[in-house]
Amino acid sequence: MPRGFFLTFEGLDGSGKSTQLRKLHEWLVRSGEDVVTTRQPGGTQLGDRIRSLLLDSRRTSLDPRAELGLMFSDRAQVIAEVIRPALDRGAIVLCDRYTDSTEAYQGAGRELGSARVLALHHELCGLDPDLTLLLLPDFDASLARARHRNQSAVAVTGKDENRFESLDTAFFRRVYDQYRAIAQREPLRVVAIEGDAGVEAVHRRILSIVEERLNQHRAS
Ligand code: TYD
């Protein structure tokens, strides 16, 4: 049975991840690849409803464990509805955030612990990415970008998705440090792209990593 290639993007809010994912998607489509892009939370009808529960900043009383459960409900649905079928037909799947986000944000940020997150991942997902691109620009610059975006977004889009972006610096420092720990723990799966070389330079770096990994995957 053909088995596609599963690639996830990770990083702090404001790391430039979504821009890089879009550019990679466009490049793969131009190269004639069958490519499916999705995101978490979201990516299915159920997921979009879960997303609005999770990100609405008026929902201040959401318990961290309830938040963790919703992240995995969303993920189980997108795996069943989008990711597995695409991989089974041999497509390349690009996913904006996956379980590393939960380990970083709920495990470290909300201090629920990695072990609990990884146990749920094992029980409910059972699917690991072939490659994870972790964007790690300078911590202060990412945070400043996320906060700036946060202030203008509600006015421009009318969408309130600020529940995470308005959290304090110590929360994001824990998230950032956990991302680094994951990259150290799993150096084969996770490639960290550090620093802020600019959108085009980071895009070229990503292309060379993806081309190499795709060739290896297809030759194996
Ligand atoms: P996203 O829309 O990807 O935001 P951005 O474009 O800034 O990357 O994600 C929304 C927020 O959800 C983001 O602040 C991280 C958070 N999140 C978690 O806390 N845990 C998770 O498992 C996921 C997937 C996202």
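Numbering of ligands and ligand atoms starts at 1, following listing order. If you read the sequence from its start, that first residue is 1, and numbering goes on from there.
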Is the contact between Gln106 and ligand 1 made by the side chain, the backbone, both, or neither, using heavy atoms and a 4.0 Å cut-off?
side chain
Modelled atom types, side-chain donor and acceptor of Thr132 and Thr8, under 3.5 Å:
yes
With Asp130, which of Arg3, Gln216, Arg189, Arg213 fulfils side-chain hydrogen bond (donor to acceptor under 3.5 Å, both in side chains)?
Arg3
The atoms of ligand 1 lying under 4.0 Å from a heavy atom of Ser18, numbered in the order shown, are 6 (O)
Atoms in ligand 1 flagged as close to Arg51, the criterion being non-hydrogen separation under 4.0 Å
2 (O)
Looking only at distances, can you tell me whether any N or O atom of Glu67, backbone or side chain, sits closer than 3.5 Å to an N or O atom of ligand 1?
no
What protein heavy atom sits nearest atom 18 (C) of ligand 1, and how far off is it?
Met71 CE, 3.2 Å
Between ligand 1 and Thr102, is the shortest N or O to N or O distance under 3.5 Å?
yes
Expected output: side-chain Arg174 to main-chain Gly109 donor-acceptor under 3.5 Å
yes
Check each atom of ligand 1 against the heavy atoms of Arg75 and keep those under 4.0 Å away; list them by number with element.
22 (O), 24 (C)
Take atom CZ in Arg49; do more than 12 heavy atoms of anything else shown fall under 6.0 Å from it?
no
Between the side chains of Tyr98 and Gln40, is a donor N or O closer than 3.5 angstrom to an acceptor N or O?
no
Among side-chain atoms of Ser18 and Asp96, is any donor-acceptor pair under 3.5 angstrom?
yes
Just going by heavy-atom distances, which of Leu12, Leu21, Leu55 is nearest to atom 12 (O) of ligand 1?
Leu55
Please confirm whether the backbone N or O of Ser52 pairs with a side-chain atom of Asp56, one donor and one acceptor, at under 3.5 Å?
no
For Gln40, atoms of ligand 1 separated by under 4.0 Å from a heavy atom
24 (C)
With a heavy-atom distance limit of 4.0 Å, tell me whether Lys17 approaches ligand 1 through its side chain, its backbone, both, or neither.
side chain
Counting each atom of ligand 1 from 1 as listed, which ones have a heavy atom of Asp13 under 4.0 Å away?
7 (O), 13 (C), 14 (O)
